[in-house]
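Below, all heavy atoms of this structure are taken into account, side chains as well, without hydrogens, waters or symmetry copies.
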Amino acid sequence: MGVQYDLEKVLLSDYNQSWSHNGVSGERIAKRLGDLSKIGLTSQHGVSRVGFSPLEQQAKELVMNWMRDAGMSVIQDGAGNVVGRIAGLNKDADSIASGSHVDSVPEGGHFDGPLGVITALEVAESWKDQGITPTKPYEVYIFTDEEGTRFNGGLTGSRAMTGALDMETQVTLKDADGFTFEEVLATTGKKLEGFTQAKRENLGIERFIEVHIEQGKKLEQANLSVGIVKGIAGPSWTEIIYEGKAGHAGNTPMDDRQDALTAACELILYIENAPLLVSTTGVATVGKMQVEPNGANVIPGKVTLITDIRDIEEHSRDQIVSNVVNKAQEIATSRNVEVTITEKMRTAPVPIGDEMTRILNSVFDEMKINKQYLVSGAGHDAMMLGAHIPVAMIFTRSKDGVSHNPAEWTTLTDCTISAHVLKQAIEKCMEQ
C-alpha cells in the first residue's frame, strides 16, 4: 500500500473561508495542491519529482487537464514547457503571464513551484466563474526543470525558451546514473531538435508575475501573508573536481597521501566565509558532493562538488566566485592533487522595475495589506524572463522559513490571499 497523506485535508483544517470570494476558491487551491502532492509523494510526506522525470511530466499533464477545464488552449513546447492560454478580447496583443514549475528537489516540499502554477491558474478559473473575458491574452506557464537536480543546473526550461541555454554544453551533460541529456530527454518523449526549437525570438509576453513561497522568515516575523520582491539574486553554479590517488587507508602514511576529500573539505571551509569577505548580501553553499571510490578503508581518489554562489549585485557575486576558484586552485597545488573547474550556470541578478513595483504597491494599498519589501536569494524562472521583459514576484509566507524539505508549509489562507493579490495585479496589467 502506498504512502497515505492528505494534504488537502490538512490545508482546509486551518482555512479562513472568507477569502473564497471574487471568483477565487481556496477550496479549489487546496484540492489541486493535494492532487499534485500525490505525484512523487515520499514516506516522509515530502515529494521527489525531479526535472525530466516521468513524475514531472505526470504533474504537468494533470495541470494541463485543469487548464483545459478552465477554457484554456494548451501547448507543450520541445523543452517540455507548458503554456495554457486565454486569447482575450485583443487576440493579437502580447500576453500578460504568470506561472512557475512543478518539479522538486529530492525529498522536497509541496509549495515551492506548485503554488505559483496553481495561483496563476486560479486567476483564469476566477474569470471563468465570474464570466469575465480579459482584454489581453493571459498565459499560465509551467517551466521545465527549474530546480536543476538532474544535471546540476537549474532554470532549464525558461533558459531554453529565452535562448539563455548553452546547448553545446547541455548535450555533454550526464546525470548521476550516467545517462546523457539526450537519453534522459527521450524518457519524456522529447528530442534535442525540439528542445533547441523551444527558443523564442520574441517571447510574446508583455509582463510576467510569479507567485512563490518566501523560503525565508521575514514575512513570518512581520506577521504578513504576502510581500513584494524588489530583486532576485543571480546564482552561479560551479563544478569542482579534485583528483588525487586512491590508496589503502591502513598502509599509506599520512605524509604520502594525495587525498581528494581533504582538499575538498579545505575548500568547503573556505567557502563558508567567502561571501563575508566581499558582500553583506552574498551567500555560498556546497550542497552536493560525490566521493569516489567511497569506501570506508580507502583514501578518496576523486571528489566532485558543486558550489552555489549568489548575490543581488552581479559584480560582488562574480568576485566571490573568482575568489573561490582561485582558492580551489591554490589548495590543489598545496595538496598535490589535480583540480578541474567547470562553470555550470551563471545568471545575472534581476532588479524589479519601478512600474511593476508600482502596480503591486497599488494592489497592496487597495487590499489594505502592509507592504514588506523582500530580496529573493533564490533563483526563479521569472529572472530568465526578466532579462527581456518587465517581471514581478509576490512572496507568500513560509512557516519557519523552511523550504526544499517535507516540513515546507504555507497556510491555505496565505495561499489564497496570494491568489487575490496576483489576480488584481494581472488585471491592472491588462489595463496598461
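The salt bridge (Lys or Arg N to Asp or Glu O under 4.0 Å) analysis of residues 322-345, with sequence neighbours excluded, yields the pairs E266-R335, K327-E330, E343-R346. Residue pairs meeting the salt bridge (Lys or Arg N to Asp or Glu O under 4.0 Å) criterion with at least one partner in residues 393-411, sequence neighbours excluded, are R397-D414.
Within 6.0 Å of NZ in K428 there are more than 12 heavy atoms belonging to other residues, nucleotides or ligands. At most 12 heavy atoms of other shown residues, nucleotides or ligands fall within 6.0 angstrom of atom CG in D354. Residue Y270 places its OH atom among more than 12 non-hydrogen atoms of other residues, nucleotides or ligands, all under 6.0 Å distant. Around NZ of K217, the count of heavy atoms belonging to other residues, nucleotides or ligands within 6.0 Å does not exceed 12. The local environment of CD in E183 is crowded, with over 12 non-hydrogen atoms from other residues, nucleotides or ligands closer than 6.0 Å.
Side chain to side chain, Q215 and S398 fail the donor-acceptor criterion of an N or O pair below 3.5 Å. Side-chain contact annotation: H212 with D112, donor-acceptor N/O pair under 3.5 Å present. For the residue pair K288/T149, the side-chain donor-acceptor check at 3.5 Å is not satisfied. A donor-acceptor contact under 3.5 angstrom links the side chains of N323 and Q319, judged on distance only. For the residue pair R68 and N65, a side-chain donor N or O sits within less than 3.5 Å of a side-chain acceptor on the partner. With no hydrogens or angles considered, a side-chain donor-acceptor pair links S418 and T396 at under 3.5 Å.
Note that the CG atom of L165 and the CE atom of M345 stand 11.0 Å from one another [nearest 0.5 Å].
When atom types are taken as modelled, the side chain of E210 and the backbone of A382 share a donor-acceptor pair closer than 3.5 angstrom. Of the possible polar contacts, none joining the S279 side chain to the P275 backbone as a donor-acceptor pair under 3.5 Å is found.
For D35 and K31, the salt-bridge test passes: some basic side-chain N is under 4.0 Å from an acidic carboxylate O. A salt bridge links R32 to E125: one of the charged nitrogens lies within less than 4.0 Å of a carboxylate oxygen. Under a 4.0 Å N-O distance rule, the pair R85/E139 qualifies as a salt bridge.
Counting heavy atoms from C-beta on, the side chains of L62 and V102 never come closer than 4.5 Å. Counting heavy atoms from C-beta outward, I205 and Y141 have side chains that approach closer than 4.5 Å.
Both tests hold for K230 against Y373: distance to the six-membered ring centre under 6.0 Å, angle to the ring axis within 45°.
Scored by the side chain to side chain donor-acceptor pair (under 3.5 Å) test, T413 finds no partners at all (sequence neighbours excluded).
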